[in-house]
Amino acid sequence: MKDLRKGILKKARRIVVKVGSAVVAAPPVDGLDIFGRLASEINALKETGREVAVVSSGAIALGVRKLGLKERPVAIPERQAVAAVGQGSLMAAYDSAFSNAGGHVAQVLLTHDDLGSRKRFLNARNTLTTLLKFGIVPVINENDTVAVEEIKFGDNDALSALATNLIEADLLIILSDIDGLFDKDPKVHSDAKKLKLVEDVDSAGLERLTGATNSLGTGGIRSKCEAARKAAHFGAATIIANGNMPGVLTAIFNGEDAGTLFLPKEDRLTSRKHWIAFSARPSGRVFVDDGAREALLSKGRSLLPSGIKDVDGAFDAGEVIHCVDSSGMEFARGLSNYSSFEIQKIKGMKTAELVKVLGYKVYDEVIHRDNLVVL
Ligand code: GLU
């Protein structure tokens, strides 16, 4: 186990460190706040040739403090307004801490919708990888003015998994106010034991193990494990650890057993397939017959028009769509070569008939297997 952990940490060259609201809002330890601690620990990592991007929550928490509110607002528009106040303070804190340590940060505000567009995803990737090349630490937050997903549910956990694919990181470190994943809810059971390792995130029984939430952030352990699952499918390891423990990043890279380590999946998805599975927003669905479903699931085939029974939604060629069985249950998703309008005409047909019906043929397949992800 120790060697396994050491191997993963040694190999990790590009890292996403996600900092939760409960860490940002925690009081300083030994006179050093989280920003100062991150600046010196991340700088030390950079000196070993590693590249680090931060995904940070805390805009609402700092906005609450700045405006002297008693608590985090409940109404979403109020949270958004408070986040707009706090985002400046958040960046100012990162900026001054990293400047003092001789480095630079850059503010990057993103939404899941931005990353759902392949073009914007690639634009964001270009900016982020250029920042990393310059040795600058991007500090990513959700653009709370235009999106409410993370302030409703996730405390940026989901965003951190998308960022892992976005910059093609090999390690995601989620810093929260909990020590890791436990076998029981540690807030309820005093004998709960921390799990050091989750070998297979898909078969670890996470639904049973997750339940506890912290109070300041929206994301509990469940959304952190979900982020670890997405990262694992991209071939990245995840460590969920306690960000309120001084020196936690250094401890992790010294090979100490801090937090819970989730191993990456061996059959990782390519960045493009990961984008199809987790970043893209499907805009329609095709109903697939049992034979074609079987061919996609167990034979790794492409989806042909002959296997499609019906189509639902309005989409253009090049958009991501759900593949569902006759009961409407999704089993795959992929990039469609044809629009919903065209599929309506060619569903159920043999490839040879396409030209007759459409007057042209772009591709034999509606979804090529290279653009298809089985879920
Ligand atoms: N983007 C929000 C923030 O920075 C996210 C998280 C939350 O506190 O729920 O505060």
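In each ligand, atom 1 is the first atom listed, and ligand 1 is the first ligand listed. Computed from a predicted structure; not experimentally measured.
- Heavy atoms of N141 found under 4.0 angstrom from ligand 1 belong exclusively to the side chain.
- A salt bridge links D157 to K18: one of the charged nitrogens lies within less than 4.0 Å of a carboxylate oxygen.
- Residue F134 places its CZ atom among 12 or fewer non-hydrogen atoms of other residues, nucleotides or ligands, all under 6.0 Å distant.
- Under a 4.0 Å criterion applied to the non-hydrogen atoms of S21, ligand 1 contributes the atoms 7 (C), 8 (O).
- Counting Ile, Leu, Val, Met, Phe, Trp and Tyr side chains that sit under 4.5 Å apart, directly or through other members, V324 shares a hydrophobic cluster with F287.
- Near I60, the atoms of ligand 1 lying under 4.0 angstrom from a non-hydrogen atom of the residue are 3 (C), 10 (O).
- Remark: ligand 1 and E142 share no N or O pair separated by less than 3.5 Å (distance only, no angle test).
- Remark: ligand 1 atoms within the under-4.0 Å shell around heavy atoms of R72 are 7 (C), 8 (O), 9 (O).
- A donor-acceptor contact shorter than 3.5 Å is absent between the side chain of N143 and the backbone of L110.
- With ligand atoms numbered from 1 in the order given, ligand 1 contributes 3 (C), 4 (O), 10 (O) to contacts under 4.0 Å with heavy atoms of A59.
- Hydrophobic side-chain contacts under 4.5 Å tie L32 to no other Ile, Leu, Val, Met, Phe, Trp or Tyr residue.
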